[in-house]
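Please read these numbers as outputs of a predicted model, since none were measured by experiment.
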Amino acid sequence: MSKVTFGCGASEELEVLLFLDQPGEAQFASPIIREALNRPHIGLDVVLSRRLVRARPDFCRELTFLGVSWREAADPARALRRDEALPGAVFPLVVSTHEAHSAAQGLVTTARKLGIPSFCIQHGVDNIGITTTTGPGSGSVYSIDADFVFVWFPADAVPDICPDNVRSRLVHVGRPASFSAEPPSADNGVMMVGVFENLHWDVYDRAFRYEFQSLLRRASAALPNVHFVVKSHPGGRWFLEHGERDWPAQVRIFDPGLDTWRAYDMPAFMRGLSAVITTPSTIALDAVMLGKPVAVATADHAPLFAELPQLRDLEDWVDFIQSVQSRRFELAGSRRFADRSMIAGDASPRIWDFIVESVTKSAA
């Protein structure tokens with residue numbers, strides 16, 4: 001790790017330790033890293049967890065192609081404890097006090113002891129420590145300890161539940177990179193509905209999980225000319241490992257672990273769909289950004305997705321799909337949802353502007 005000087009002059013460099021742990025973080029890291037490469041005064045020390053390296057070889061190849069050196073480490077804070085030349089900032093992409101983020105949390109804790117500022121980003125529409133304070137399947141209360149938290153939504157859309165001690169550290173920048181809506185592809189007469197599984201499938205009780213499958217099966221029977229493709233979450237894989245078998249021919253369960261599909265990221269997969277049904281997750285926002293009609297399947301009211309259709313029974317499923325088929329579906333609610341959930345444009349330049357400015361001020 002090189003010696004750090006602060007500022008953004010031509011001969012000065014700010015070294016930032018960027019840590020990625022969960023495989024899903026790669027999609028946000030890519031535009032942030034690419035933006036940093038356009039700024040000669042920023043030096044990156046990229047540290048990846050073993051699970052990310054194993055799950056995302058494509059991302060590792062992307063870094064190599066970009067000329068970015070990276071290293072694997074289970075404990076990124078160890079480098080801070082042993083290195084004489086410390087970074088000017090640490091940026092573990094996703095941080096919370098939840099045990100799933102223990103490595104990132106350890107980095108933030110060690111950085112604070114050494115007087116190094118820490119930064120992290122919002123990683124989902126429903127984000128632990130911001131939109132909820134309890135973890136999936138747990139009654140424990142969690143928070144975010146990073147000095148600054150980059151969030152997607154505008155300042156007037158902070159969730160009421162956001163704790164005051166976190167609210168004061170929010171930096172409203174938008175989402176790293178953005179998907180632009182493309183013109184609809186030529187209608188080939190095939191209606192393809194994507195059904196997305198949430199990573200945190202364990203937050204739902206057994207009754208909801210099996211009712212969800214029942215509704216999918218019954219919807220396929222009610223709409224024999226509609227094809228459904230279920231995208232099992234690569235981190236959860238509930239449909240693949242615990243779901244029903246012997247689905248009708250028009251229902252296909254997508255295995256993201258197969259080499260056949262590894263080359264297709266989520267936007268590429270979603271662009272081929274006519275409509276999207278998802279449990280409450282960031283997939284809903286991704287679909288809106290790609291111009292896809294989207295509805296949220298939920299047992300209860302999902303306030304974070306209030307502007308979108310919420311599907312609770314077979315009639316809801318069928319009505320939503322038929323509204324897309326007949327071109328009656330209105331995108332006005334989708335646009336309101338996007339405006340509340342996300343500041344427009346790529347957040348990456350705003351993120352680096354803020355990091356450089358705040359670190360320079362703290363070093364003055």
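The cluster map of Ile, Leu, Val, Met, Phe, Trp and Tyr, joined by side-chain heavy atoms under 4.5 Å apart, puts Leu18 and Val95 in different clusters. Both Phe65 and Trp70 belong to a common hydrophobic cluster when Ile, Leu, Val, Met, Phe, Trp and Tyr are linked at side-chain heavy-atom distances under 4.5 angstrom. Note on Val125: it does not cluster hydrophobically with Leu170, by side-chain heavy-atom contacts below 4.5 Å among ILVMFWY residues. Hydrophobic clustering, with ILVMFWY side chains joined whenever heavy atoms are under 4.5 angstrom apart, keeps Tyr142 apart from Val108. Put simply, Val46 and Leu52 are part of the same group of oily side chains (I, L, V, M, F, W, Y) that touch within less than 4.5 Å, one to the next.
Under a 3.5 Å cut-off, the side chain of Ser30 and the backbone N or O of Gln27 do not form any donor-acceptor pair. Proximity of a side-chain donor or acceptor of Thr97 to a complementary backbone N or O of Ser143 within less than 3.5 Å is detected. Under a 3.5 Å cut-off, the side chain of Gln310 and the backbone N or O of His301 do not form any donor-acceptor pair. No side-chain donor-acceptor contact under 3.5 Å links Ser118 to the backbone of Ala146. In this structure, the side chain of Thr131 engages the main chain of Asn127 through a donor-acceptor pair within 3.5 Å. Judged by distance alone, the side chain of Ser214 and the main-chain N or O of Tyr210 form no donor-acceptor pair under 3.5 Å. Of the possible polar contacts, none joining the Arg78 side chain to the Ala73 backbone as a donor-acceptor pair under 3.5 Å is found.
Side-chain contact between Asp126 and Pro280 is absent, with no heavy atoms from C-beta onward closer than 4.5 Å. For the pair Ile121/Glu25, no side-chain contact is recorded, criterion being any heavy-atom separation below 4.5 Å from C-beta on. Residues Pro154 and His172 are not in side-chain contact: their nearest non-hydrogen atoms beyond the backbone lie 4.5 Å or more apart. With a 4.5 Å cut-off on side-chain heavy atoms, Pro349 and Arg39 count as touching. No side-chain heavy atom of Val90 sits less than 4.5 Å from a side-chain heavy atom of Thr110. Between Arg175 and Met289 the shortest side-chain heavy-atom distance falls below 4.5 Å. Between Trp152 and Pro176 there is a side-chain heavy-atom pair separated by less than 4.5 Å. Within the 4.5 Å cutoff, side-chain heavy atoms of Ile33 are placed close to those of Leu44.
When all heavy atoms of Ile128 and His101 are compared, the pair lying nearest together is CG2-CE1, 4.2 Å. Shortest non-hydrogen contact noted between Glu15 and Asp45 is OE2-CB, 3.7 Å. Nearest approach of Pro163 to Gly129, heavy atoms of both residues: CD-O, 3.6 Å. When all heavy atoms of Thr298 and Arg312 are compared, the closest pair comes out as O-CG, 3.2 Å. Taking both residues in full, the closest heavy atoms of Leu14 and Ala89 are given as CD1-N, 4.5 Å, listed atom of the first, atom of the second, then distance. Pairing each heavy atom of Phe91 with each of Cys120, the nearest pair is CE2-CA, 3.8 Å.
One finds no salt bridge joining Arg54 and Glu72 here, because no Lys/Arg side-chain nitrogen approaches an Asp/Glu carboxylate oxygen to under 4.0 Å. The pair Lys292-Asp286 does not count as a salt bridge, with every side-chain nitrogen at least 4.0 angstrom from each carboxylate oxygen. Between Asp147 and Arg169 there is no salt bridge, since none of the side-chain N atoms of the basic residue sits less than 4.0 Å from a carboxylate O of the acidic one.
For the atom pair CE of Met192 and CD of Gln250, the computed distance is 10.5 Å after rounding to the nearest 0.5 Å. Taken from SG in Cys162 to CZ in Arg167, the straight-line distance is 5.0 Å, to the nearest 0.5 Å. Considering CD1 of Ile32 and CH2 of Trp352, their distance stands at 7.5 Å, rounded to 0.5 Å. To the nearest 0.5 Å, atom CZ of residue Phe148 and atom CD1 of residue Ile355 are 10.0 Å apart. Put simply, CG on Asp346 and CD1 on Ile351 are 8.0 Å apart, with the number rounded to the nearest 0.5 Å. One finds the CD1 atom of Ile116 at 8.5 Å from the CG atom of Leu17 (value rounded to the nearest 0.5 Å).
Annotation: cation-pi geometry not satisfied between Arg252 and Trp247 (NZ/CZ under 6.0 angstrom from ring centroid, within 45° of ring axis).
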Q | side-chain contact (heavy atoms from CB on, under 4.5 Å) between Val47 and Leu107, worked out | A | CA-CA 11 Å; Val47 182; Leu107 179 59; over 6 Å; no
Q: Test Met270 against Val294 for side-chain contact (heavy atoms from CB on, under 4.5 Å), laying out the working first.
A: CA-CA 11 Å; Met270 195 176 284; Val294 58; over 6 Å; no
Q. When you look at Arg271 and Leu290, which way does the side-chain contact (heavy atoms from CB on, under 4.5 Å) test go after all the steps?
A. CA-CA 7 Å; Arg271 284 189 176 102; Leu290 287 168; 3.7 Å; yes
Q. Would His227 and Val190 count as a side-chain contact (heavy atoms from CB on, under 4.5 Å) if you check the C-alpha gap in whole Å, the side-chain angles of each, and the deciding distance to 0.1 Å?
A. CA-CA 7 Å; His227 293 260; Val190 177; 3.7 Å; yes
Q: Using the salt bridge (Lys or Arg N to Asp or Glu O under 4.0 Å) rule, take Arg34 and Glu62 through it: C-alpha gap first, then chi angles, then the decisive distance, then the call.
A: CA-CA 10 Å; Arg34 288 174 181 268; Glu62 178 186 352; 3.1 Å; yes
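Under the side chain to side chain contact (heavy atoms under 4.5 Å, CB included) test applied with Phe153, the options Met342, Gln122, Arg340 reduce to a single match, Gln122.
The aromatic rings of Phe150 and Phe119 sit parallel, their planes meeting at an angle under 30°, below the 60° perpendicular limit.
With a 6.0 Å radius and a threshold of 12 heavy atoms from other residues, nucleotides or ligands, Arg218 has its CZ atom above the threshold.
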